[in-house]
Number of protein chains: 2
Amino acid sequence: MAMMTRGEETRARILDTAQDAVLAKGFEATSIDEIVASAEITKSGFFYHFKDKNALARALIERHITVEEEIFDGLLGRARELSDDPLQAALIGLKFLAELIEDMPGGHPGCIVATAAYQDRLFNADVRAANRRAVLGWRHRFRAMFDEIAAVYPPRDGIDLDHLADMVSGIVEGGIVMARAMNDPLITSQQVMLLRSYVKLLFSPRPD
Amino acid sequence: MAMMTRGEETRARILDTAQDAVLAKGFEATSIDEIVASAEITKSGFFYHFKDKNALARALIERHITVEEEIFDGLLGRARELSDDPLQAALIGLKFLAELIEDMPGGHPGCIVATAAYQDRLFNADVRAANRRAVLGWRHRFRAMFDEIAAVYPPRDGIDLDHLADMVSGIVEGGIVMARAMNDPLITSQQVMLLRSYVKLLFSPRPD
DNA sequence: GAAGGTACAGTACCGCCGGTACGGTAGTTC
DNA sequence: GAACTACCGTACCGGCGGTACTGTACCTTC
């Protein structure tokens with residue numbers, strides 16, 4: 001990280017400025033000329049690092065995946081330190097997630113994956129594949145979490161745990177859409193807390 | 001409906017062809033030239049009916065709202081005929097909703113509202129206002145449904161019923177994002193069924 | 001039956017955007 | 001000093017959203 005070549009630094013600067021613009025305005029609305037101006041390079045320089053806008057999208061998604069994984073690792077790791085019980089750890093983790101989203105200034109900045117999902121006809125197979133890998137990563141992560149819980153507390157309803165794992169991502173994505181549509185940044189964290197309530201009811205051995 | 005002037009017919013034809021294209025490829029990827037060719041008019045004709053692409057987006061969203069309201073009215077109306085109990089009626093209605101989504105060829109075609117939400121910097125205040133009205137309509141509809149249930153069965157957890165009402169829309173929107181990202185059209189209906197499971201657990205007086 | 005509005009067709013044009021092509025060059029490496 | 005990396009500069013292309021203006025078939029109203 002500390003030792004970057006000049007090329008790597010320029011590439012990182014392009015990604016940084018591009019990410020800010022994309023999260024603020026969407027991928028389509030962010031022009032290459034604009035990125036070029038913000039990153040203080042020329043158009044030639046941009047196309048030297050990325051062969052087209054698809055390549056930029058793919059790089060943004062893949063960087064997003066790694067950053068997000070680190071955040072989730074930290075979140076769930078801290079939650080597990082706070083309780084030996086897998087259900088309690090999950091409930092703490094979901095609360096942390098809701099707080100994380102709520103504390104983001106101006107609400108969750110929006111998810112690049114979803115942005116790509118809604119414009120996937122514009123993107124090529126590479127971008128779509130990167131997108132699928134991101135969602136699959138979430139599924140496996142939360143599937144493992146729910147497996148641990150289900151080993152101790154059998155779920156109250158005949159639930160497919162893969163579907164339940166997808167629900168975490170789905171609630172966040174849907175919450176972002178709702179928050180944007182309603183211009184109310186709190187909606188996303190509220191939805192995560194409802195998911196937490198569901199997980200609690202689903203796995204709790206006895207109500208209250 | 002049967003008696004339309006020539007202008008109304010042309011306008012409806014533009015909206016029909018535009019909606020097909022937008023749901024298939026997204027709003028940005030659908031060019032006016034393309035709509036004009038499909039609707040067999042000229043560019044002048046298009047701009048006679050819509051002053052710009054924003055006006056088209058707004059008209060699409062507003063038409064989408066009315067069509068969707070009719071569908072939901074039919075769905076929930078039929079569900080209520082099948083059971084006097086508000087909780088059972090809601091569970092039947094959610095099952096109907098999941099089936100409706102599952103039966104859509106190629107999965108849910110995607111929600112225009114979400115498309116607009118993810119590109120809202122491109123749209124003007126009119127479009128965003130129409131978008132908010134759509135989501136508010138859903139909230140009020142499902143809020144009324146949950147109010148009826150809560151009057152009979154107090155919810156097991158301290159839940160804000162507005163948030164729960166938003167969860168219906170949020171689950172559907174998030175499910176669409178996930179279905180698109182994973183290229184698995186069944187995800188959306190699976191997520192709706194999980195929401196049904198939550199509603200069941202949340203309001204059921206005794207487990208099982 | 002002339003006047004005026006409605007509902008377009010036709011043509012020409014503009015600026016922005018993604019992308020291509022290609023030549024030049026400062027700095028680094030061997 | 002040759003070769004490679006990492007760009008800069010300029011010119012250009014086609015597609016897109018949108019504007020501007022003229023023309024005109026059809027219908028209604030007086």
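Chain A is the first sequence line, chain B the second, and so forth, proteins listed ahead of strands; every chain is numbered from 1.
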[X] has a side chain; which of [options] sits nearest to it?
X       : options                : answer
B/Lys53 : D/dG18, C/dG19, D/dC16 : D/dG18
A/Lys43 : C/dG10, C/dG18, D/dG17 : C/dG18
A/Thr5  : C/dA9, D/dC16, D/dA6   : D/dA6
A/Tyr48 : C/dA9, D/dC7, C/dA7    : D/dC7
B/Thr10 : C/dG19, C/dC8, D/dC8   : C/dC8

Are the side chain of B/Asp162 and the backbone of B/Ala165 linked by a donor-acceptor contact shorter than 3.5 Å?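 No, because the side chain of B/Asp162 does not come within donor-acceptor range (under 3.5 Å) of the backbone of B/Ala165.
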Whole Å only: how far is the [atom1] atom of [X] from the [atom2] atom of [N]?
X       : N      : atom1 : atom2 : answer
B/Phe47 : D/dC16 : CZ    : P     : 13 Å
A/Ile35 : C/dG19 : CD1   : C1'   : 14 Å
A/Asp52 : C/dC17 : CG    : P     : 18 Å
A/Glu34 : C/dG15 : CD    : P     : 20 Å
B/Ile32 : C/dC17 : CD1   : C1'   : 15 Å
B/Glu40 : C/dA9  : CD    : C1'   : 14 Å
A/Glu8  : C/dT28 : CD    : C1'   : 15 Å
A/Ile14 : D/dA6  : CD1   : P     : 12 Å

With no angle test and no hydrogens, is the base of C/dG10 tied to the side chain of B/Thr42 by a donor-acceptor pair under 3.5 Å?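 In this structure, the two groups form no donor-acceptor pair.
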Among A/Glu173, A/Glu68, A/Glu69, which residue satisfies the side-chain hydrogen bond (donor to acceptor under 3.5 Å, both in side chains) criterion with A/Trp138?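 Testing A/Trp138 for a side-chain hydrogen bond (donor to acceptor under 3.5 Å, both in side chains) against A/Glu173, A/Glu68, A/Glu69 leaves exactly one candidate, A/Glu68.
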If the plane angle is over 60° it's perpendicular, under 30° parallel, otherwise tilted; pick one for A/Phe146 and A/Phe203.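 Judged by the thresholds at 30° and 60°, the geometry between A/Phe146 and A/Phe203 is parallel.
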Measuring to OP1 and OP2 of [N], would you say a side-chain N or O of [X] lies under 4.0 angstrom away?
X       : N      : answer
A/His49 : D/dC7  : yes
A/Ser44 : D/dA6  : no
A/Ser31 : C/dC16 : no

Map A/Lys51 and B/Arg11 onto DNA chain C by nearest heavy atom, then report which one ends up closer to the 5' terminus.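 Whichever sits nearer the 5' end wins; that is B/Arg11.
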Are there more than 12 heavy atoms of other residues, nucleotides or ligands under 6.0 Å from atom CZ of A/Arg133?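 Yes - once you tally the heavy atoms of other residues, nucleotides and ligands closer than 6.0 Å, there are more than 12.
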Which of these, B/Lys51, B/His49, B/Lys43, sits in a side chain to side chain contact (heavy atoms under 4.5 Å, CB included) with B/Phe47?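 Exactly one option meets the side chain to side chain contact (heavy atoms under 4.5 Å, CB included) with B/Phe47, and it is B/Lys43.
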